[in-house]
Each structure stands twice: as structure tokens, then as C-alpha cells.
Amino acid sequence: MSEATAHAAGHQHTAPTGFMRKYIFSVDHKVIGLQYYGLGLVAVLIGMVLSWLMRLHLGWSTLAIPGLEKLSPAGAPGNVMTPEYYLSLMTMHGTIMVFFVLTNAPFSGFGNYFLPIQVGAADMAFPRMNMMSFWVTLTSFLVLMAAFFVPGGPPLSGWTAYAPLSAVGQAAGPGQGLGQSLWGLSIAIFCVGQLLGSLNFIATTLDLRTKGMSLARLPFSTWAWFITSVIGLMAFAVLLPACILLILDRTAGTSFFIPAGLVINDQLQPHAGGSPLLWQHLFWFFGHPEVYIAILPAIGIVSHILPAFMRKPLLGPRVLVGCIASIGFLSYMVWGHHMFVSGMNPFSAILFSVPTLVITIPATIATLLWIGSVYGARIRFTTASLFCLGFVSVFISGGISGFFLAQPSIDTYLHATYFVVAHFHFVMGVAAIFAIFAGTYFWMPKMVGRMMNETLGKIHFWLTFVGVYCIFMPMHYLGLAGNVRRYAAFTDDFLAPLIPVHQFITIAALVTGAAQLIFVFNLIWSRFRGPKASDNPWEATSLEWSTATPPPFDNFGGKQLVVHQEAYLYGVEGASADYIMQTSPETVKTS
Amino acid sequence: MEVSAGHGHAGLMEESPYGIPSGKLAMWCFVLSDAVTFSAVLFAYGYLRVGSPDWSTPFVFVPSILNGLVMTFVLLTSGLTMLAAVEAAKAGRTAAGTRWLWATCVLGALFAAMHLMEWRHMIEEGWRLFQNPLGGAVQFGAAFFSVTGLHLLHVVGGVVALAIMALGLRSGKYNRIDVEITGIYWHFVDLVWMFVFPLIYLMNAK
Amino acid sequence: MGKAFGVVLTIITLVSTAVFIFHGNLLWLPVDASAHGHGVDHQLMETMYGSGFLFVLSQLLLGLFVWQSSSRKEGWKYKTFPGGAKPMVVLAIVLVGIEILALSFVGSKVWAGIYLTPAEPQALPIDVQAGQFAFYFRYAGVDGKFGGLHPDKIDEGSGNFFGLDPRNDEAARDDVVTASLVIPVNRPISLTMHSKDVIHSFYVRELRIQQDIVPGLMIPLHFTATKTGRFEIVCTQLCGLGHYQMKAYLEVKSQDEFDQWLKQQEAAQ
């Protein structure tokens, strides 16, 4: 082994001193993980407020919302949202949630904090590059936020930014000037940050595992973070040039995505020869793996947490890892299912539909493994385990609607309706968020040294679990009735009778949103007043529980861990306790 | 007590499945990612080319293709000098390694200079990102400048990295592994050119 | 807690499913007014039954197992699911695999019938243009020929939505331009769709048909309406601030009424 096998430990032989080094420009993966998580928290609160504004407008389209005019005089004269401002808020809601919450928190947040610890390393393979990846991501966020405050406001083309609407510039509408360019720039910067992060995760998982931590003994969360990094490496690599080409179309007069002869606002556009479908191919080649980047860490986290509260191993652990890997692999073959009616060759719809349906198989296996694991268990009901069980339920709900949309003959009716909105919110906006909640309640004690309040947590869970079903289940019905999505108001004949359903959803959304404030309060309150956490409050087995709470700067206090066990030895017959930690050398006679 | 992962303490850690240092692994991953980026841009080029009935093929043998061939020769030679640099560094011959690194750096800079000269020639003829002086598809200019521009950016970045590496090898700041890592990057840049040259130049020869 | 989870999940499952089943006329598929519509509806219903069954089963099983777990005492020795992971893998591959194959096989035929077959030769050709934020429709007129399209000649103010050039283009002189899509019932219709600015989409719920209209492309779409009446055509691809209002009416008339209407339109040119 050469002298440069791993640099990680070599960087942090002494603890950092000074406020800046410790908390701001830190190379410690734990601090970076918390920074990412904090960014995710800020982003989700902004994204949630945006959703409230959207839902209020959809339920009552002439409603005057106090304060809205201050945020945007042009977008909400007299505090009443204009249709274009609705679309802008919707665009920002989607962009913030997908990138800065769902790609950020379960992956960059928890992954940065716990991957090195779970493999037994003192830090990530490249701590300085790790620090850089956070600051790049934060820069990306700030550039995006700037779009709220520039003339014209945020873009209105959706988080999918289809060309030519996104590419022709100001002529296409408010927000399509500087706002859209800032969007493109922000996302391009985000891609760079993600790529840097992926390099770190991959190198750390492969090279920095401590003695005895073979790949087979890795926890599910580490496997998921590792596989997600590999997917991200190739997905963000396509979004980056796509955004650059979009920016070129907008600012340098190119026509990658803009065909000839467009007349916008009575003006003939000077572009020629480009293809709007090219943007869609590039975007969705990234976009589909992206949604799996959002859900796979969630699957890993939930699978990691459940055994600790069932006091039994998960059914079929190797099969589960195989499912995660095969979902990741298949995710590259299905992007066209977002484009069934896009104008691309209809024959390719059939080709894309098959792998899309095939992904159902590993997803079903994983779901059955969870349900089968709960069979015959005695569950310790904590907020963390409740959110894991809730995850399984909403993952089923979201997955089932996907089964409809995967078939082109059905998609011809359901495309661009609220059925799609219901589907992706269930899997991303609910399931992945549930995993973030589960991870928070589970790991916060380890990260800050204090337990979160369980009573508040359970209230949070129940309100949220019932609330999300009240919000998103009715959207399926709306979709089946043909309720089109991305509409600022419902003026069509067939939509007017559906408005009461929207009002119901809005009320549910506001109540559920309010319940999240319980979570935020719990986080902050517990940080300072929560009971002190022991090193292993959940009696769990993986390496993060075999070090101090919170872990010292080099994770294990100078000790070199040796791993003797696989990751989920709960309830082993004949063992000295009902769990065997990974570092324990105990051998149990098996019959 | 110091934590020392690696640095010869192989018994304290699991073997890396690929048996290579993390820096090299990261560079391979970066190369994989960057290859996908170039593939995306080349895909865009191909998609637009196939969809344009009036695609131009303006490259005459002299000067365009000939220039391209010389540039290709220069870049391939720089690949050889890079190999020599890596071999020298591995064998501990630091001075020779430094010299070969400088040679690679100079050849890379020569490639970039020839490329920029060619760009100037095209621009003088009226080619722009959005303009085709021959009256055909304007996508030609967009594809040409963006694909070659992306590659040129990588070449310039590589030239800078090579210079830093040459200086650092001499001063002892960088070691043979760092040279190898730079070599992986440089060979990748070379490899991309071997796609760009046929797809952009040869396919659009008159 | 476990019992509560089981109960709540069961209620959620049953209520959700009940609304799907006892939906009334409000939250459901509109009337099927298209020749290919029954294929789409059939596919939808088959999928609904299959996935509805799996939805109810899996949620109730989850709820049941969680309920059971809560009545066990501390120190309970856990049970492993009989057979371990293998039945899960087999069940998923076989059950889902069969469903996928069946649905794909039938579904591709439905899809191909709409999008991969050419319009019948006697189909009535109609030109459709989408633009921010309206649809316009064009009939070939007495000469049976469509005039050429010239984007530089588009002038909404004077009603030249398509950019026709009747002065220099004979075929354009008798083209009939309308803001509603009027068609005869039970007659194949062949649309050619194009956009003047950004991507729009053509969606008629009752026809069970949807197709994006992409600038730079001429997109064919064909169907046969089987019921007379008035239906809404709405835009489903985000096209700007007026997206939510962008619509037109599809009027399906009897053959006689349509012929009369068309004669009137042609006379007015």
C-alpha cells in the first residue's frame, strides 16, 4: 500500500481551534454534514411557505394574502397573487425542494456526518474538497434566492424549465429575464458541488473502511449513500452542460433549443434550427436518476433505523442492497417516461415503458422485505420508528401511482394532471421527508448530545402522517377527473366543481404545515434543554453508536476500531445481550 | 495518540477494492463524470446535426483539416511526454520527471495556441455561435465553438495543472502519485480530442 | 402506539379506497367520447383493480403486523417471516412480472392504435396552431388545399393567426380559420399541430387523448369522436402566465350539422 493510500486521518491530528475553523470553514465532515442539514432546514421552511402561498391561491384565487405585495409589488398588487407570480412561486418551490432539500439533507447532510463514522474512518477522504463542496452548494442556494429580488422576479417555467419558454429570454414573460438566468447559473453551480461530494463519498467508502469493515458489513445507509454517489456522478454531469447550453441560448444568441420562426409577443425571434426536445432529453436523462438520488438514501436510512427498533435483523439484507443497486442501475434507462406525449417518436414510449415497469420489481421486493421484517417483531415505538413505518406506507402509496403513469396508454390521459403531482409528492415530498425525520429523531442525539422530546415527536408524527394523506390522496381523484397541473386558477368548465376539493387540500396543507413547526420547535428546544444523550441511547449496533456522544473531532478519539460483526445483529440467540455491536468480538455458537 | 489510516499501516484498514490510492480513484471518478459531460455535449451536437437538413461542411483540407491533424499530433506527443514524466517520477528521477512535465505543458500550450489561432481564423470568416457565413444551419457554429471550447477549457486547465505539478515535483511538494493522477487527467483530455477531431472536423470536411 | 398505527392505517386505506369506488360523477373519468377511449379506460381499470388490490393488501398487512407487534412483551423472541426473503423475491418477480407483461402487451396495442397508426385516408384534415394563449384551427376550404404558413406574416390584430398569405398564395385564400374545433361525429379526424412560440399541449379529457405541440415540429394526431356535444380542449404544457386560461371548445356535430356549418364558413371567406 503506497504512502498516499488515505489522507483522511493525516489532516486532523489536532483539533481545530477558533470559531471560524471550528464552525464556519471547517474541514470536519461532521460540521459539514450539519451545515448541509442546516441549509436543508432553511430551504424546506422556505419551500413549505411557498407551498402554503400556492395552495392558498389555488383554493381562493382572489384572496389577498397579507405581506405578499411587499415581497413582490409586481407579482401581487394589492396582495392578490397574479397568475405569473403563482408560476414563479411554483418554480421556486420545486427547485428548492428537489435540489436543496431532497438531494441535500438525506444525502449530503446525514451522509457527510455518518458515512465516515459508519465505515470507521476519521474523516472523509478529501476533507478540504468536502468543505469546498458545501460552500459551492451554499453559493448555488444564494444565487437561486437572488432570483426573488431581481426585476421580473423568479422564473415561471417550472423546475423542469422546458425550452423554448426558458430559453428565449425576457420576451416569454415575467421572470424569464434575469430570474431564469440566475436559475440556470444556480443549478450549474449546484452540479459542481454535488460532483465534488460524490467523489468524496466514493473514495471514502471504498478506501477508508477500518479493519474488519468489509463491504458486506456496511450498514444499509452507507450502501445507499455510496450507490447514490455513483448515480449522481453521471447524472449531474449531464445537467451541468444542459444548463450551460441553456444559458448560451439565453445570452449568447445560440439556438440549441430554439427552432426557427417563433413569434413571441408579436416579435419574430432571431433563432433557428434548435430543438426543444433536446432540452427534455438532456434534462430528464439527469432528472430521472435525480429522483432516485432523492429516494435511495431515504431507503437506506429507513432500513438502517428499523432493525434497532424491531430488535431483529431486516429480512434479506443482501437482497435489499441488490434492490438499491438495481434501482440505481435501471434509473438510467427510463428517462423517456417523462416524455411519452412530448412529440418524441411514439415507438420509444413503448421502449421506455418496459424498464420503467421493471423498476417496480426491486421496489416491490424492498417493500415486501420491510413488511416481512415487521412480521413477528416487537417494535419499540419511538418517533424515529414511527416515521420509518410511515415511510413504508407512503412509499407504497406513491409507488402504486407510478405504476399507472409508467404505461403510455394510461399516461395519455393522466400526463400533466394532478395524478402526477400526487405521485411525486408521495414518493419525494412525503416518503423522503419521512426518512429525513426518522434520521433526525434517530441521529440528533448522537450529533448534538441531547435527546429530542418524544411526546412532541409523536404528536408531530401523527399530525403529519394523517395530514399528508389528506393532502395528497385527493390529488389522485383530481387527476382522474382530468384536473390539469401547473394551473394558477381553475376557470375551465370542468374544473369549477373541483375547487372545493382544492380547498380541502389547502386546509389540510396548512394544518400539516403548522405541525412541522412542532418539529422545528422540538429541534431547537432539545438542542439546549433536552436530556443529555448517552453514547448509545437506542442500543444500536453500527459504528456511530460505539463512539462518544457527540463524537470527538477525529470520530473515535484516536482509537483504531476493529470490526468483528455484520451490521444488524439484534436478537441473536445465545448472545449476552439482545444486540451485538459491530465492534464487539463476541462469538455466538450457532446451532 | 495519532490516528494513522494508511501511511503504511495497512493492517489497520480494509484493503481498497481497487488497490489504488484515494486520489487516483477520485480522479478516475472525475474522468468518468467528465466523460459523461462531454458525451452529453456531443449528443446535443449529433442530435442537432441529424435534425438539420442544411448542415454545413466547411472544413477544407488546407488549412482546417491539416491544422487539426497537426494539433492531434501535438496532443498525442504530449501524451507520450506525459507517460515519460510518470515513468521518471515512479523511478525517482525527479529532474527528468520535471523536464518531461514541462515538455507536456509546453505541448499542451502549443495545442491551445493553435486552437485559438484556428478560432480566430473561423471568426474572421464570419463564424459565430449564432452565425453561419455559408448560410447553412447556425447550429454549426454553436456546436463547433461549444464542443471545442469545452475541450479547450480542459486543455488550458491541464496546462496550468502541469505547470504547478512541474514546479511542485521539483520542490518536493508533489510526489509520483500526484504525477500519475495528473497523467490520468491529461490522457483523458487527449482521449476526448480523439472523439472531437473525427466528429467535429473530419465529419464536417468539405 | 402500534395498535393506533394499525387502526389509523386501516382507516386511511379504507377511506382512500372507498372514494375510488364510490366516487359519484364528480371525481371520476368523464364520459368516453372517443373510438379508442374504451381501450384507455380498460387499461386504466385493469391497472386500478390490480394495484388497488395490492395497495389494500400491503397497507393492511403492514397495519396488521404493526398491531400484532404492540401486544408483545419485553423479551419476546422475534419470529422470522416463513421462508425468509425468498418468497418476497419470488412473489415480486412472478406477480409483478406477470402484471407487467400483461399490461404492457395490451397497453402497447392501445398506444399503437392511437399514436403509431396513420390516420385513415378519408380522415378530415384540420390544421391546429397553438400560441400564447389560444388555439386556432384551420380547414382547407373548398379547394381542399392548405395555404402555406409564414411566421413573419402573423398578425393577431387583423386575425391572421396562422400567418397566411392570401394575396400571393392561392391555396390560402379559401382556408377557414376558427377559434373552435368543429368536427362531425363518427368520422376520423386528422390533426396536424404546430406551435407559434413555446411548447403547448392538446388535451381533451373525453377523447382520452393528449399530445404536446412542439415549436419546430408538425405533429400529427388522429381520433374519431363517437358522441356529439361540446367538450373542452385545454393546454396542459406550461406555456406562460396565461397557461391556465388557454383553452378552446371541441364541438362534435352530426354530419349534416357539420356540413351546414362548414358551408357557412367557406362562404364567408
Side-chain angles (χ1 to χ4, degrees), chain A residues 83-84 158 162 164-165 173 259 261-264 268 276 312 315-316 319 341-343 346 350 357 360-361 364-365 368-369 371-372 374-379 381 389 392-393 396 400 403-404 407-410 412-413 415-416 469 473 477 481-482 484 486-489 491-494 497 571, chain C residues 1-2 5 9 12 16 19 26-29 40 43-44 47 51 55 58-59 61-62 65-66 69 72 76 78-79 81 85 88-89 92-93 96 100 103 107-108 110-111 115-116 151-152 154 196-199 205 208-212 214-217 219 232 234 236 238 240-241 244-245 247:
Chain A
E84 54 269 34
Y162 277 15
L165 181 60
L262 301 191
V263 177
I264 300 179
L268 190 60
K312 67 183 276 205
L315 206 60
V319 175
V341 293
S342 65
I350 301 178
L357 288 167
T360 311
I361 295 179
T364 306
I365 295 174
L368 292 178
L369 290 177
I371 298 178
V374 176
Y375 169 88
R378 179 184 176 275
I379 300 178
F381 290 101
L389 296 170
V392 179
S393 171
I396 294 171
I400 297 253
F403 199 62
F404 286 77
Q407 301 174 64
S409 52
I410 298 180
T412 194
Y413 181 74
H415 173 74
Y469 269 105
M473 195 49 89
Y477 317 132
V484 180
R486 290 179 161 170
Y487 273 11
T491 55
D492 294 325
D493 304 342
F494 75 97
Chain C
M1 269 296 129
F5 187 91
L9 186 56
I12 289 175
S16 309
V19 182
L26 182 60
L27 302 168
W28 204 241
L29 301 179
V40 172
Q43 192 76 7
L44 187 57
T47 307
S51 34
F55 170 76
S58 52
Q59 300 279 18
L61 272 179
L62 177 66
F65 294 159
V66 173
S69 79
R72 290 161 183 153
W76 156 271
Y78 71 79
K79 289 210 283 247
F81 194 88
M88 309 307 186
V89 176
I93 292 178
V96 178
I100 291 173
L103 288 172
S108 331
V110 175
W111 173 260
Y115 293 96
L116 286 172
D152 49 312
I154 292 179
K196 95 174 209 308
D197 41 40
V198 298
I199 305 181
R205 305 180 309 143
R208 306 293 192 268
I209 206 164
Q210 187 169 181
Q211 176 61 57
D212 279 7
V214 183
L217 297 179
I219 302 194
E232 281 175 296
V234 292
T236 57
L238 177 56
L241 61 91
Y244 74 104
Q245 285 180 318
K247 77 170 198 198

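As the structure is a computational prediction, the values presented were derived from the model and not from experiment. So that the names make sense, note that chain A is the first sequence line, chain B the second, and so on, each numbered from 1.
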query = Which heavy atom of Asp493(A) sits nearest a heavy atom of Glu232(C), and at what distance?
reply = N-OE2, 2.8 Å

ask   = Which bit of Val263(A) comes within less than 4.5 Å of chain C, counting heavy atoms only: side chain, backbone, both or neither?
value = both

note = So CD1 of Ile100(C) and OG1 of Thr360(A): to nearest 0.5 Å the spacing works out to 5.0 Å

Side-chain donor/acceptor of Arg72(C) to backbone N/O of Ala377(A), under 3.5 Å = yes

ask   = How far apart are the closest heavy atoms of Gly316(A) and Ala85(C), and which atoms are they?
value = CA-CB, 3.6 Å

task = Examine whether an atom of Phe404(A) lies under 4.5 Å from a heavy atom of chain C, and if so say whether it belongs to the side chain, the backbone or both; otherwise answer neither.
result = both

task = Say whether, by atom type as modelled, one donor and one acceptor occur between the side chain of Trp111(C) and the main chain of Pro346(A) under 3.5 angstrom.
result = yes

key: When Val214(C), Leu62(C), Val40(C) are compared by non-hydrogen pairs under 4.5 Å with chain A, the top option   = Leu62(C)

message = Keeping Gln210(C) on the side-chain end and Val341(A) on the backbone end, is there a donor-acceptor pair under 3.5 Å?
response = no

remark   = When the 4.5 angstrom heavy-atom criterion is applied to Ile154(C) and chain A, the contacting part is side chain

ask   = Between Gln43(C), Met1(C), Arg205(C), which has the largest tally of heavy atom pairs under 4.5 Å with chain A?
value = Arg205(C)

CD-CG distance between Gln245(C) and Asp492(A), expressed to the nearest 0.5 angstrom = 9.0 Å

inquiry  = How close do Ile361(A) and Ala92(C) get, counting heavy atoms only, and between which atoms?
reply    = O-CB, 4.1 Å

ask   = Hey, which of Ile219(C), Leu116(C), Leu217(C) has the most heavy atom pairs under 4.5 Å with chain A?
value = Leu116(C)

query = Just by distance, do the side chain of Lys312(A) and the backbone of Lys79(C) share a donor-acceptor pair under 3.5 Å?
reply = yes

key: Proximity breakdown for Val319(A) and chain C, heavy-atom pairs closer than 4.5 Å   = side chain

request  = For a side chain to side chain contact (heavy atoms under 4.5 Å, CB included) with Ser393(A), tell me which candidate from Val66(C), Ile12(C), Leu9(C) qualifies.
outcome  = Leu9(C)

Chain A contact via Lys196(C) - which portion, at a heavy-atom distance below 4.5 Å = both

task = Quick one: closest heavy-atom pair of Ser16(C) and Met473(A), and the distance?
result = OG-CG, 3.5 Å

